[in-house]
Structure formats: C-alpha cells, structure tokens
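Following: one structure in structure tokens, then a few remarks.
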Number of protein chains: 2
Amino acid sequence: MTSAQDPQAPRPAEKRSDRTKAVILRAARDRFASDGYERTTIRAVAADAAIDPSMVMRYFGSKERLFDAALAIDLRLPDLTAVAPQDLARTLVRHFLDRWESDPADDALLVLLRSAVTNERAALRMHEIFATQVAPALGAALGPQAAAVAPVLTTQLLGLALTRYLIRLPAITALAPEQLVDALAPAVQATVLAAADAAQAGSRSAVPRSADPR
Amino acid sequence: MTSAQDPQAPRPAEKRSDRTKAVILRAARDRFASDGYERTTIRAVAADAAIDPSMVMRYFGSKERLFDAALAIDLRLPDLTAVAPQDLARTLVRHFLDRWESDPADDALLVLLRSAVTNERAALRMHEIFATQVAPALGAALGPQAAAVAPVLTTQLLGLALTRYLIRLPAITALAPEQLVDALAPAVQATVLAAADAAQAGSRSAVPRSADPR
DNA sequence: CTTGAATGTCAACAGGTGTTGGCCTACGTT
DNA sequence: AACGTAGGCCAACACCTGTTGACATTCAAG
C-alpha cells in the first residue's frame with residue numbers, strides 16, 4: 001500500500017528481502033547442482049549468499065522447503081507441431097542439448113536430475129514434470145502413439161544427460177553438440193518411426209531405416 | 001573345525017573373519033544401493049550385519065574404502081560375436097534387463113549407477129568399467145566402428161536403467177521386460193546400422209574435437 | 001525524534017557422523 | 001591346562017548438521 005503511490009518505483013512489491021531471497025535461492029541451486037541434496041549444507045549456501053544461516057531458515061523454513069523451491073522448473077519445450085516429422089529427431093536432440101548447455105547460471109535441470117537419483121522428493125517432481133510438460137508436448141506432435149513413444153524418448157534423452165553432465169563419460173563429453181545430434185538422431189528417429197509403424201499395422205518385421213546421416 | 005595345515009583343504013587361507021567380512025560387505029552393498037553413499041552410515045551397515053561399527057573400520061579401514069570394495073563389479077557381458085547382427089539390438093537390451101533384474105541380492109549395478117551421479121570416485125570407476133569391459137565387448141562384435149557406437153549404446157542403456165531403477169518413472173516401470181525390448185530395440189538397432197552406413201560411405205574422419213560442457 | 005516492524009547477526013542446542021583406543025572373551029595351538 | 005591372539009564390544013572423542021531463540025541493526029512512517 002505504501003509503495004503503490006511511489007512515482008519513481010515501477011516495481012510495485014519490490015521488497016528488500018526479495019532481493020536476498022533470490023540470492024539465497026541462486027546459491028542453493030548452485031550447491032544442489034554440484035553437490036546433490038545430502039552434501040549441500042545450509043551453512044555453505046548461506047556463506048555463498050554472504051548471509052547468516054538462520055536467514056535461510058527464516059526465508060525458506062527448512063532445508064527441504066529450500067530444496068522444493070530450487071526444484072521449480074520450466075522445461076521451455078518448443079512447439080513441436082511446427083517441425084516436419086523427418087526433422088523431429090534432430091530438433092529434439094538439439095533443443096535438449098541447447099537447454100542444458102546454454103545458460104550456465106541456470107542449473108535447475110542439473111539439480112533435478114542429480115537429486116532425483118537419490119532423493120524421493122526430487123524423483124516425484126520428475127514424474128510430475130514428465131506428466132505435465134513432456135508427455136503433452138510430445139502428444140501434440142506425435143498424436144495417439146505418443147503415449148508409447150514418450151517414455152522411450154525420455155529414456156534416451158535422459159541417458160544422454162546422465163552420461164554427459166553427471167557421470168561425464170569421456171567418450172561422450174569429448175563430442176561437440178552437433179556430433180551428438182548426428183550420433184543420436186538415428187536412434188531417436190527410429191523410435192518415432194517404429195511407433196508409427198506399429199500404429200499402422202500389427203507387423204513388426206521391417207527394421208526401421210535410419211534418417212539420412214547427413 | 002578344520003585346522004590350517006589340513007592337507008585336504010583346497011582353501012588355504014580360509015579365515016573365520018572372512019565370513020563376517022563378507023556379511024559386512026553384503027550389508028554395505030544393500031545400503032549403498034538403496035540410500036547412496038552419503039546417506040549410508042557405517043552404523044546402519046554394522047547394524048544390518050549384526051556387528052559393532054568399529055568392526056567395519058577394522059576390516060575396511062574407512063567408509064571410503066568400504067565403498068571401493070562395494071564397487072567391485074563384473075558386468076558379465078556375454079560373447080556378442082556369436083549373435084547374428086540383426087539380433088544384436090534385442091540381445092543387448094534383453095541381457096541388460098536380465099542382468100539388472102535377475103538376482104535381487106546383487107545390487108552392485110545399482111550401487112555403481114546411483115553413486116556415480118553424486119560421487120566422483122564412483123564416476124571414475126564407471127569410466128574404468130566402460131573402458132575395460134563395455135568397449136572391448138562391443139568392439140569384438142562391431143568391429144572398427146564400435147568406437148563411435150559404444151558410447152551411444154551406453155547412453156541408451158544407462159538411460160533405461162536410470163528411468164526404470166533409479167527415478168522409477170511410472171511409464172517405464174509399468175512395462176514388462178519384453179515390452180521394453182520391443183520398445184528400445186529399434187533405436188538400438190538404428191544406432192548400430194547408422195554407424196555401419198557411415199563406415200561404408202566416404203569415411204570422413206569422426207575424430208571428435210574436445211569440447212568441455214559445463 | 002520516536003516507534004515499530006523488517007532485516008540481519010550471534011551463540012547455542014540437540015542429535016548424528018566417522019573414527020579411535022581400551023577392554024573383554026572365546027578359541028586354536030602348544 | 002595354559003596361553004597368546006584374533007575377533008568382537010563399549011564408550012568416547014571431535015566434528016558437523018539442521019534448527020532455534022535472543023539480541024542488534026536498519027529503515028521508513030508517525
């Protein structure tokens with residue numbers, strides 16, 4: 001109510017605490033992303049945010065609720081209905097890699113995946129994200145057979161993230177993004193096509209042909 | 001019951017402590033598999049083994065060395081040179097699932113994968129296993145192009161393990177093993193074939209330039 | 001200036017952790 | 001039977017954790 005008539009403040013509810021709250025959250029994301037849930041300490045987060053540990057508690061209540069706040073994620077999936085079917089695989093893989101490697105300050109994805117492996121709460125959040133974001137986006141692009149394809153595609157893309165960003169398998173980290181697109185696109189495309197075939201006919205005799213490897 | 005110099009004993013160094021040492025190790029594997037490295041406490045392992053925590057230290061030296069012992073793994077990869085090329089994909093996926101779901105007491109695989117995500121030591125062990133077990137086995141079956149295919153196959157199979165056994169995505173856990181073979185085989189097969197095509201065509205060198213993600 | 005809430009610091013609690021050293025006990029060897 | 005030693009237990013240390021409550025500081029409004 002007081003700041004409402006402030007002529008010089010274009011931001012209506014800009015409290016001073018929101019600033020430090022954001023700083024804490026960013027520090028927490030960094031720590032959760034690189035250390036995982038268990039090894040991340042509130043004291044370390046507070047130190048990174050240059051603030052007292054008790055402030056973290058005051059603003060977020062507990063370590064678990066801070067974790068929940070760090071898990072808020074929007075995958076920002078593109079509109080897949082616009083891309084031609086034969087380009088779907090490459091588009092999908094490329095966007096996935098872009099999303100992971102673009103903004104280094106945004107480790108939300110890393111937080112989620114790393115934690116989901118050992119933390120039940122993060123795993124449930126992941127189920128939720130699959131159901132509310134991944135499945136619908138793929139459903140719009142693939143039609144009825146999406147229900148069968150989406151889980152497999154998720155498996156393939158998460159396998160990529162796992163080996164590249166978490167385990168950091170040298171044979172995978174050595175490849176440039178576009179090389180990874182080349183390497184994975186045939187498999188992704190085959191998954192989509194196999195489902196389309198299965199939807200068309202009950203036979204599964206033909207081995208799906210790979211998309212032209214450029 | 002048997003003395004050390006028993007001429008008929010084929011096991012020369014059968015000490016009594018080896019028994020409890022094995023019990024501790026099994027308990028440790030269980031805990032590491034279900035809780036991960038950080039949340040596993042020596043006290044809990046000792047309680048499961050019905051022994052004093054200090055015994056764990058006496059036998060394994062430290063928590064880290066106990067962890068190392070739990071990470072000793074033999075993938076028991078089958079001889080892939082015997083299978084026909086067109087059956088390779090299905091065989092690979094089926095064996096992978098068998099290996100994960102056969103013996104519930106053997107959680108070594110679960111220990112390794114779950115820990116590798118948050119623990120540097122486990123990640124390095126995984127690099128090592130890929131280099132000494134996975135890459136050679138695939139190299140024998142696929143020939144020269146295996147070097148390009150093996151990492152991608154690893155990505156796909158680990159993605160399956162990740163979503164099914166760690167994150168437990170409902171859409172994946174709901175499927176029976178043979179359904180998963182059907183769903184994944186096209187993609188795996190496409191990966192193998194794409195590499196074969198690339199090898200046949202003008203072999204533009206696939207020497208990867210080192211890119212450092214994140 | 002006074003006031004009172006918002007913002008932040010300090011010190012401590014209560015519990016859990018890996019790890020250690022001393023003590024006991026049972027058993028295989030002599 | 002005596003004994004030395006390996007196998008096992010107990011209690012404790014030193015440290016770190018999340019969390020809490022009392023106290024200090026800022027800051028805008030009356």
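Keep in mind that the numbers below use all heavy atoms, side chains included, and drop hydrogens, waters and symmetry copies. Each chain gets a letter, A, B and so on, in the order the sequences are listed, and its residues count up from 1.
Closest to the side chain of Ile42(A), from the set dG8(D), dG18(D), dC10(C), is dG18(D). Residue Ser54(B) has its side chain nearest to dT20(C) when only dT20(C), dT9(C), dT19(C) are considered. Distances were taken from every side-chain heavy atom of Arg58(B) (C-beta onward) to each of dG22(C), dG18(D), dT19(C); the shortest belongs to dG22(C). In the set dG8(D), dT9(C), dC9(D), the nucleotide with an atom closest to the side chain of Thr20(B) is dG8(D).
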Can Glu38(A) and Tyr37(B) be said to form a side chain to side chain donor-acceptor pair (under 3.5 Å), step by step? CA-CA 10 Å; Glu38(A) 332 285 346; Tyr37(B) 179 79; over 6 Å; no
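Between Phe130(B) and Pro170(A), the closest side-chain pair of non-hydrogen atoms is not below 4.5 Å. Side-chain contact check for Thr155(B) versus Arg164(A): every heavy-atom pair is 4.5 Å or farther apart.
Contact of Arg43(B) with dG16(C) (side chain to base): no donor-acceptor pair of N or O atoms is detected under 3.5 Å.
Here the C1' atom of nucleotide dG8(C) and the CZ atom of Arg19(A) are 17 Å apart, to the nearest Å. Regarding Arg65(B), its CZ atom lies at a distance of 15 Å from the P atom of dG18(C), rounded to whole Å. Straight-line distance from the CE atom of Met57(B) to the C1' atom of dG18(C): 6 Å, rounded to whole Å. Separating the CZ atom of Phe67(B) from the P atom of dT19(C) is a distance of 14 Å, rounded to the nearest angstrom. Distance Phe60(A) CZ to dG18(D) P: 15 Å, rounded to the nearest Å. Note: CZ (Arg39(A)) to P (dT17(C)) measures 17 Å, nearest angstrom. Across the protein-nucleic acid pair, Arg31(B) atom CZ and dT17(C) atom P stand 10 Å apart, rounded to whole Å. As rounded to whole Å, 12 Å separates atom C1' of dT20(C) from atom CE of Met55(B).
Salt bridge absent: Glu120(B) and Arg168(A) never bring a charged side-chain N and a carboxylate O closer than 4.0 Å. A salt bridge is absent between Asp35(B) and Arg114(B): the closest approach of a Lys/Arg side-chain nitrogen to an acidic carboxylate oxygen does not fall below 4.0 angstrom.
Along DNA chain D, the nucleotide nearest to Thr41(A) and the one nearest to Asp52(A) differ in position, and the one closer to the 5' end is contacted by Thr41(A).
The residue Tyr59(B) sits close only to the backbone: its heavy atoms come under 4.0 Å of sugar-phosphate atoms, none of a base. Within the nucleic acid shown, Ser62(B) comes within 4.0 Å of sugar-phosphate atoms alone, with no base atom in reach, counting heavy atoms only.
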